[in-house]
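First comes the structure, then the notes that go with it.
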Amino acid sequence: MADLQEWERQLQRDLDEVRRTSRQLSDSVAAVRGVCQLQGVAIEVDANGDITDLRIAPGALRWTSEQLAHSIRTAHRKARTDAATKVQRLVQHGDPRMRRQFEILTGEQSAPPEPPRHQPMTEDDIQAADDAYFERMNRRGWTE
């Protein structure tokens with residue numbers, strides 16, 4: 001019975017930790033802003049890509065409507081990309097449990113973790129691997 005109670009306490013601690021890291025990630029993502037300044041247009045967006053600030057230089061107001069619209073669309077696209085990159089970085093460096101949930105929700109794969117660095121084998125390691133291989137082959141037979 002004590003093992004079950006300890007398991008429940010550990011489960012509660014794990015759930016509390018998940019809730020805490022989830023709140024921290026949520027708060028961090030809510031604070032993300034993507035920005036772009038381009039040809040007299042400055043745009044700031046939130047993590048969802050919604051515009052939170054738009055500034056147009058007085059000189060840009062003399063452009064044709066097509067030129068101004070193009071600059072606004074381009075700046076908005078770049079600001080959204082900036083915000084998405086910042087969110088991705090937050091998720092990538094956060095709790096792996098939150099990363100997996102983020103991938104499920106967004107349908108995106110985060111960058112795979114870096115593979116462990118390969119350590120070159122020493123002569124002793126090579127000899128031990130060779131010995132183990134030949135021992136295995138001698139036991140199982142060479143014709144299988």
Output every pair passing side-chain hydrogen bond (donor to acceptor under 3.5 Å, both in side chains) with a member in [range], not counting sequence neighbours, ordered by first then second residue.
range: residues 123-135; value: Thr122-Asp125, Gln127-Asp131
range: residues 39-51; value: Gln39-Ser71, Glu44-Thr52
range: residues 53-62; value: Asp53-Arg55

Starting from Ile126 and following side-chain heavy-atom contacts under 4.5 Å between hydrophobic residues (I, L, V, M, F, W, Y), which residues can be reached?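 Ile126 clusters with Met121.
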Can you name the one residue among Leu38, Thr74, Val35, Ile72 that meets side-chain contact (heavy atoms from CB on, under 4.5 Å) with Ile43?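 The side-chain contact (heavy atoms from CB on, under 4.5 Å) with Ile43 is passed solely by Ile72 among Leu38, Thr74, Val35, Ile72.
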Evaluate whether atom CD of Gln24 has more than 12 neighbouring non-hydrogen atoms of other residues, nucleotides or ligands under 6.0 angstrom away. yes
Please determine whether the number of non-hydrogen atoms from other residues, nucleotides or ligands lying under 6.0 Å from atom NZ of Lys78 exceeds 12.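 Atom NZ in Lys78 is not packed in, count stays at 12 or less.
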Test side chain to side chain contact (heavy atoms under 4.5 Å, CB included) on Glu17 and Arg13; report intermediate values, then the result. CA-CA 6 Å; Glu17 181 185 351; Arg13 286 190 296 270; over 6 Å; no
Over all atoms of both residues, closest heavy-atom pair of [X] and [Y]:
X: Ala83; Y: Ala47; result: CB-CA, 4.4 Å
X: Val41; Y: Trp63; result: CG2-CZ3, 4.5 Å
X: Ala75; Y: Cys36; result: O-CB, 3.4 Å
X: Gly40; Y: Ala60; result: O-CB, 4.1 Å

All side chain to side chain donor-acceptor pair (under 3.5 Å) counterparts of Gln67, not counting sequence neighbours: Thr64
Not counting sequence neighbours, which residues clear side chain to side chain donor-acceptor pair (under 3.5 Å) with Arg19? List them please.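 In terms of side chain to side chain donor-acceptor pair (under 3.5 Å), with neighbours along the sequence ignored, Arg19 is linked to Asp16.
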In one Ile/Leu/Val/Met/Phe/Trp/Tyr side-chain cluster, 4.5 Å: Ile56, Ile51: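 Yes: a chain of side-chain contacts under 4.5 Å links Ile56 to Ile51.
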Mind checking whether Val87 and Val45 sit in one hydrophobic cluster, side chains of I, L, V, M, F, W, Y counted as touching below 4.5 Å? no
Exam field: side chain Lys86 to backbone Gly34, donor-acceptor pair closer than 3.5 Å: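 No; judged by distance alone, with no hydrogens or angles, the pair does not exist.
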Taking Thr81 for the side chain and Arg77 for the main chain, is one N or O donor matched with an acceptor at less than 3.5 Å?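 Present.
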Atom pair CG (Leu15) and CD (Gln10), whose distance is rounded to the nearest 0.5 Å: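 Here the rounded value is 10.0 Å.
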Return yes if a side-chain donor-acceptor contact under 3.5 Å exists between Arg9 and Gln12, otherwise no. no
Going by atom types only, do His76 and Arg80 share a side-chain donor-acceptor pair under 3.5 Å? yes
